[in-house]
Each structure stands twice: as structure tokens, then as C-alpha cells.
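What you see below is based on every heavy atom in this structure, not just the backbone, and it leaves out hydrogens, waters and symmetry mates. Every value quoted in this text rests on a predicted model; they were computed, and no experiment measured them. By convention in this document, chain letters (A, B, ...) are assigned in the order of the sequence lines, proteins followed by strands, and residues within each chain are numbered from 1.
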Amino acid sequence: MTYQSVKGTKDILPEESPRWQAVENLVREVMELFAYREIRTPIFEETAVFVRSIGEDTDIVGKEMYTFTDKGGTSLTLRPEMTAPVIRAYLQHSLGTGGGVQKLYYMGPMFRQERPQAGRLRQFHQYGAECIGSSSPACDAEIIALAAHVYDRLDIPYVLKINSVGNERCRPRYREALRDFLTRVSERLTGESRRRMHTNPLRVLDSKVPEDIEATAEAPRMLDYLCDECREHFEAVRSHLENLDIPARVEPRLVRGLDYYTKTAFEFASPDLGAQDALGGGGRYDRLVEEFGGDSTPAVGFAAGFERLFIALERRGSRFSGHRLSVYLVGLDEPSRRLCLREALTLRRMGVSADCDFQQRSLKSQMREANKRGAAYTVIIGSEERERGVVTVKDMTTGMQETMELSLFRARFTGEDGGAKPRRD
RNA sequence: GUGAGCGUAGCUCAGCUGGUAGAGCAUCAGAUUGUGGCUCUGAGGGUCGCGGGUUCGAGCCCCGUCGCUCACCCCA
């Protein structure tokens with residue numbers, strides 16, 4: 001093997017693209033149902049866009065970004081997530097003018113230089129949505145409902161965990177209390193947690209190391225420190241979820257990995273996934289737009305991973321199949337092959353999928369090919385047919401065969417919208 | 001970045017205590033003259049990840065390296 005795809009990247013081969021298409025289509029459909037509109041931003045941004053929003057002390061910015069300098073000396077970064085680019089675009093094009101709520105969705109590749117693992121690639125794919133311009137807890141609930149609906153439609157089981165990480169008023173008080181607590185138990189913490197205790201104490205809470213979990217079992221909870229506004233918001237979100245029949249589990253230790261979150265934080269976990277069990281997650285980020293230099297604008301959003309969705313789907317045994325070929329044309333000599341190519345194009349122009357042999361293969365192998373490709377009909381053309389001005393049509397499911405004029409065969413496909421499928425009696 | 005396991009035909013794998021490679025599936029071709037799916041027969045296809053070392057001799061042992069997988073970390 002001469003070359004192979006870069007570590008942590010994967011080719012999506014024809015065999016697997018049907019499921020990608022199916023899920024992409026479903027996501028689009030659900031997004032449109034919820035009245036979100038698609039936004040597509042460039043795959044790379046100025047590095048500052050991410051550093052500024054995600055936070056200097058996050059792992060993403062600290063060690064996982066694909067950052068490079070272009071020939072003009074500008075530092076650029078392959079997007080590790082989409083919220084920052086969406087907000088950048090929102091401000092750049094003044095999408096907020098008019099004061100309305102912008103409901104935007106996206107899907108596409110993201111890049112993070114981590115050690116690859118089950119459900120974690122260096123180039124991975126996410127879909128997500130951002131609701132910008134409303135501080136209403138109803139938006140939080142809608143975003144969660146939207147994310148949940150995709151899983152529901154795919155019949156993927158999940159556990160929804162929610163928490164509130166407070167805002168700029170109450171979080172500092174909590175951070176203080178937490179740090180005090182951590183200082184007291186610091187000798188029981190792992191080195192990494194002890195370091196993080198100073199830089200980003202909240203993150204210590206989602207450590208999965210048993211010692212840390214044990215040491216922080218009695219740690220103060222953010223929920224007990226919420227200011228009135230945050231508490232009311234949190235209760236309202238919970239009430240909305242209940243009203244929408246979406247069961248959620250309050251998880252006081254749930255913390256998001258990105259610094260910009262305020263108030264609501266949530267995560268969808270899959271019981272089928274293993275160590276990387278997060279299907280998706282998100283939360284509210286009321287300060288981010290302002291942070292980017294815009295007017296103070298509240299927003300909520302979520303992101304979910306395609307690859308993890310597929311793992312969950314596989315565990316469920318779901319299968320997707322690609323499009324089937326309608327007609328395979330078999331030519332037995334050169335003039336017939338010429339006719340096949342022409343007829344294939346005629347059918348395609350009618351909206352009927354068709355293909356023919358390009359390797360001068362025998363009738364037998366062409367028939368085999370037609371069968372393998374799942375063709376509904378095989379059209380056989382040889383010197384006999386040409387002399388009589390007809391073709392031999394074989395229905396591959398019944399095995400029945402008859403000769404007819406080409407125009408008659410074509411007529412089977414007319415009158416159907418798109419004509420993608422042959423008529424069946 | 002850390003740890004563990006693995007790396008043999010397109011795919012899934014076998015290969016006994018080191019003696020220069022096998023199966024199944026897939027592919028291709030046949031099984032009387034122009035016909036698929038089932039069955040049968042046959043064929044093609046491998047620098048045993050790569051580079052060193054030990055040895056008379058290595059796919060099997062040792063070292064390094066790259067990659068994959070899983071876990072940690074973190075997250076989608």
C-alpha cells in the first residue's frame with residue numbers, strides 16, 4: 001500500500017454512503033420541521049475566532065486544534081466546532097437586525113487532533129443548531145426537543161442529562177466555594193485535577209478517575225448556588241421539558257467542555273456506546289455574541305456527532321440500502337453496445353436509472369452483473385433484436401422475458417413522477 | 001500526550017515447539033450453441049505493515065518505526 005488516509009481520518013465508501021445520506025436527509029427534514037435554516041460556513045477560520053470563544057484553558061484550544069499559518073502569515077484553524085463560526089457569520093452579516101430570533105442549523109466535518117478512539121476521529125462530522133436572539137427557557141427546551149427528535153426518529157435510545165452552570169453573577173460565587181472545597185481535599189485529587197482546580201475548577205467535577213470522583217463526592221453543587229434568575233430559568237426549562245414529554249435527568253456534575261456556556265447545559269448519552277458515550281450536547285451561551293463584539297444577545301445551541309450516531313445505530317441493527325438500478329442494458333456485439341449506451345442515456349433523461357457494460361463481457365457475465373446490481377429489468381440487445389427492431393426485456397424478479405419495441409419498453413416508465421422506479425403489475 | 005492489544009490475499013481469519021504461506025467469503029471463468037440468482041468445477045490474487053537484529057533458516061523470537069483498535073485524558 002503506497003498511501004493511506006491520514007491518521008484519524010476515514011474514507012466514506014460507496015457501501016456506507018447510503019446510511020450517511022439517510023441520516024443527513026433525516027437531520028435536514030427534522031431541522032426544517034423545527035423551522036431551522038441551514039448555514040454553511042468555511043471549514044477554517046482565523047484562529048482567534050476559536051480561541052476567543054471556546055476558551056484558552058480548554059483542551060480543544062490548548063492542544064487539539066489544527067492550526068497553521070498561511071502564506072500571508074495569518075494564523076488559521078480548521079474548525080473544531082461550529083458555534084463560533086456561526087456566531088462570527090451572524091455578526092458579520094448582521095443577521096440579528098430586526099431583532100428577530102435566528103434559528104440556524106448546520107452539518108459538516110470538524111477537526112480535532114486527538115488520539116483516535118471508538119467514536120472519536122480527527123476529522124469527524126457533526127450536525128447541530130443554534131437559536132440566537134432569545135433568552136426564553138422555551139428555546140432551551142425546543143433545542144433539546146429538536147436534538148431528541150432525531151434520535152427518536154432513528155429509534156436510538158438515549159439518556160438526557162441536564163444541569164445549569166449559572167451565569168456571570170452566580171458562577172463566580174460557586175467557583176469560589178468549589179475551589180475552597182477542592183483545596184481542602186486536594187491531596188486526594190489526581191495531578192491533572194489539582195492543576196485544573198486553579199485554572200478551571202468546574203472541570204474537575206467531570207473527571208472520570210475514581211479517586212477524583214470519590215474525593216469530590218461531597219463537593220458543593222452549582223444548583224445550590226444559582227442566583228434567582230438562573231434558578232428560575234432552570235426550573236422553567238425543566239417544566240417545559242416535562243410539558244413536551246421529554247424525560248430529563250438532573251445531573252449536578254454535568255459540565256460542558258467549552259467555556260462559553262451559561263445557565264443550561266445538557267448532554268445526550270447512549271447506553272450503547274461505551275467510553276465515548278456522548279451522542280451530543282449543548283447549552284445556553286448568553287455572553288458569546290457580546291464576547292465577539294456584538295450587542296448582548298442570548299443564544300442556545302447543540303451539536304451531535306454523526307459517527308457516534310452510526311455506532312448506536314449499528315448496535316440497534318439498523319440497515320440502510322442504496323438505490324437500486326432500474327435497468328441494465330446488455331449488448332452482445334459492438335453495434336448493440338452502441339445502442340445500449342444510447343438507450344441508457346435516453347432512459348436516464350427520463351429519470352430512470354440505467355447502466356450498461358463497458359468491458360465487452362459475455363452475455364452471461366453481463367446478466368450476472370445485472371443481477372448483482374439489483375436491476376429490476378435487463379434489456380438484451382443482439383443482432384437478432386437489431387434486425388427485427390426490438391429488444392428482449394427480462395423482468396429480473398419474475399424471470400419472465402418478452403420482446404418488444406424500445407418505445408414500448410420506455411412507456412413502462414412514463415407517467416411516473418421522476419420515473420425512478422419501474423412500474424409493477 | 002499515557003497505557004494495553006493487534007497488524008498474514010479485496011474482506012473475515014487460520015498458520016502447531018522458528019524450516020521460504022492456507023481456508024471461507026468476494027472476484028473472474030467454465031458446467032454444449034445468446035441469459036442472472038441455487039449448485040458444482042477451476043483460476044487469479046500475498047514484498048506475511050515497514051526497517052533492522054538473532055539464526056543455517058523467521059509470518060512465527062528481539063528492537064525500532066508506522067498504522068489500527070480499545071482505554072485514560074477530553075469530547076461529538
Give every donor-acceptor pair under 3.5 Å between a side-chain atom in residues 142-150 of chain A and any protein atom, sequence neighbours left out.
from	atom 1	to	atom 2	distance (Å)
E142(A)	OE1	Y36(A)	OH	2.9
E142(A)	OE1	K103(A)	NZ	3.3
E142(A)	OE2	K103(A)	NZ	3.0

Worksheet item: Do the numbers put R19(A) on top of the ring of F310(A), so that NZ or CZ is under 6.0 Å from the six-membered ring centre and no more than 45° off the axis?
Response: yes

Discussion item. Using a 6.0 Å cut-off, check whether atom CZ of R338(A) has over 12 heavy atoms from anything other than its own residue.
Written reply: no

Worksheet item: Do the charged groups of R412(A) and E402(A) touch, with an N to O distance under 4.0 Å?
Response: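 Result for this pair is yes, salt bridge flagged.
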
Describe the nucleic acid contact of [X] in one word from base, sugar-phosphate, nothing, applying a heavy-atom distance below 4.0 Å.
| X | result |
| --- | --- |
| R361(A) | sugar-phosphate |
| A303(A) | sugar-phosphate |
| S362(A) | nothing |

Worksheet item: Under the 5.5 Å and 30° test, is F124(A) stacked on the base of A76(B)?
Response: yes

Worksheet item: Does R171(A) have any side-chain hydrogen bond (donor to acceptor under 3.5 Å, both in side chains) partners at least two apart in sequence or in another chain, and if so, which?
Response: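 If we apply the side-chain hydrogen bond (donor to acceptor under 3.5 Å, both in side chains) test to R171(A), skipping adjacent residues, there are no hits.
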
Rounded to the nearest angstrom, tell me the gap between atom [atom1] in [X] and atom [atom2] in [N].
| X | N | atom1 | atom2 | value |
| --- | --- | --- | --- | --- |
| R122(A) | A76(B) | CZ | P | 18 Å |
| I311(A) | U69(B) | CD1 | P | 10 Å |
| H125(A) | A76(B) | NE2 | C1' | 12 Å |

Worksheet item: Under 6.0 Å between the ring centres of F320(A) and W20(A)?
Response: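 Ring centres of W20(A) and F320(A) not closer than 6.0 Å.
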
Worksheet item: Of all the choices, A29(B), A76(B), C68(B), which nucleotide is nearest to the side chain of K7(A) once you look at every atom?
Response: C68(B)

Between [M] and [N], how far apart are the [atom1] atoms? Round to whole Å, please.
| N | M | atom1 | result |
| --- | --- | --- | --- |
| G45(B) | C28(B) | C1' | 11 Å |
| U2(B) | C73(B) | C1' | 9 Å |
| C6(B) | C60(B) | C1' | 15 Å |

Worksheet item: Who pairs with D224(A) by salt bridge (Lys or Arg N to Asp or Glu O under 4.0 Å), at least two apart in sequence or on another chain?
Response: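 By the salt bridge (Lys or Arg N to Asp or Glu O under 4.0 Å) rule, D224(A) matches R221(A).
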
Practice prompt. Could you let me know what G30(B) is paired to, Watson-Crick or G-U wobble, both distances under 3.5 Å, or none if it's on its own?
Written response: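 G30(B) is paired with C40(B).
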
Item to complete: Hunt down the Watson-Crick or G-U wobble partner of C68(B), both distances under 3.5 Å, from any strand shown, or write none.
Response: G5(B)

Worksheet item: Out of E46(A), E291(A), E45(A), which one pairs with R88(A) under the salt bridge (Lys or Arg N to Asp or Glu O under 4.0 Å) rule?
Response: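 Exactly one candidate clears the test, E45(A).
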
Report all interatomic pairs (protein N or O, nucleotide N or O of nucleotides 1-12 of chain B) with separations under 3.5 Å.
from	atom 1	to	atom 2	distance (Å)
U2(B)	O4	R115(A)	NH1	2.6

Taking atom types as modelled and ignoring hydrogens, do the side chains of [X] and [Y] form a donor-acceptor contact shorter than 3.5 angstrom?
| X | Y | answer |
| --- | --- | --- |
| H233(A) | N167(A) | no |
| D333(A) | S336(A) | yes |
| T83(A) | E130(A) | yes |
| Y105(A) | E32(A) | yes |

Worksheet item: Is there a donor and acceptor pair closer than 3.5 Å between the side chain of R308(A) and the base of C75(B)?
Response: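 Yes, a donor-acceptor pair under 3.5 Å.
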
Item to complete: Look at the side-chain N and O atoms of Q117(A) and state whether any lies under 4.0 Å from the OP1 or OP2 oxygen of A71(B).
Response: yes

Worksheet item: Near RNA chain B, which residues from residues 8-38 of chain A have a heavy atom under 4.0 Å away?
Response: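 Close to the strand are G8(A), K10(A).
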
If you restrict it to nitrogen or oxygen atoms, what contacts under 3.5 Å exist between nucleotides 34-44 of chain B and the protein, and what is each distance?
from	atom 1	to	atom 2	distance (Å)
G34(B)	N7	E384(A)	OE2	3.1
G34(B)	O6	E384(A)	N	3.2
G34(B)	O6	E384(A)	OE1	3.0
G34(B)	O6	E384(A)	OE2	2.9
G34(B)	N1	E385(A)	OE1	2.9
G34(B)	N1	E385(A)	OE2	3.2
G34(B)	N2	E385(A)	OE2	2.7
U35(B)	O2	K394(A)	NZ	3.4
U35(B)	O2	Q401(A)	OE1	3.3
U35(B)	N3	Q401(A)	OE1	2.7
U35(B)	N3	Q401(A)	NE2	3.0
U35(B)	O4	Q401(A)	NE2	2.3
G36(B)	O2'	N371(A)	ND2	3.4
G36(B)	N7	K394(A)	NZ	2.8
G36(B)	N1	M396(A)	O	2.7
G36(B)	N2	N371(A)	OD1	2.8
G36(B)	N2	M396(A)	O	3.0
G36(B)	N3	N371(A)	OD1	3.1
G37(B)	O4'	N371(A)	ND2	3.1

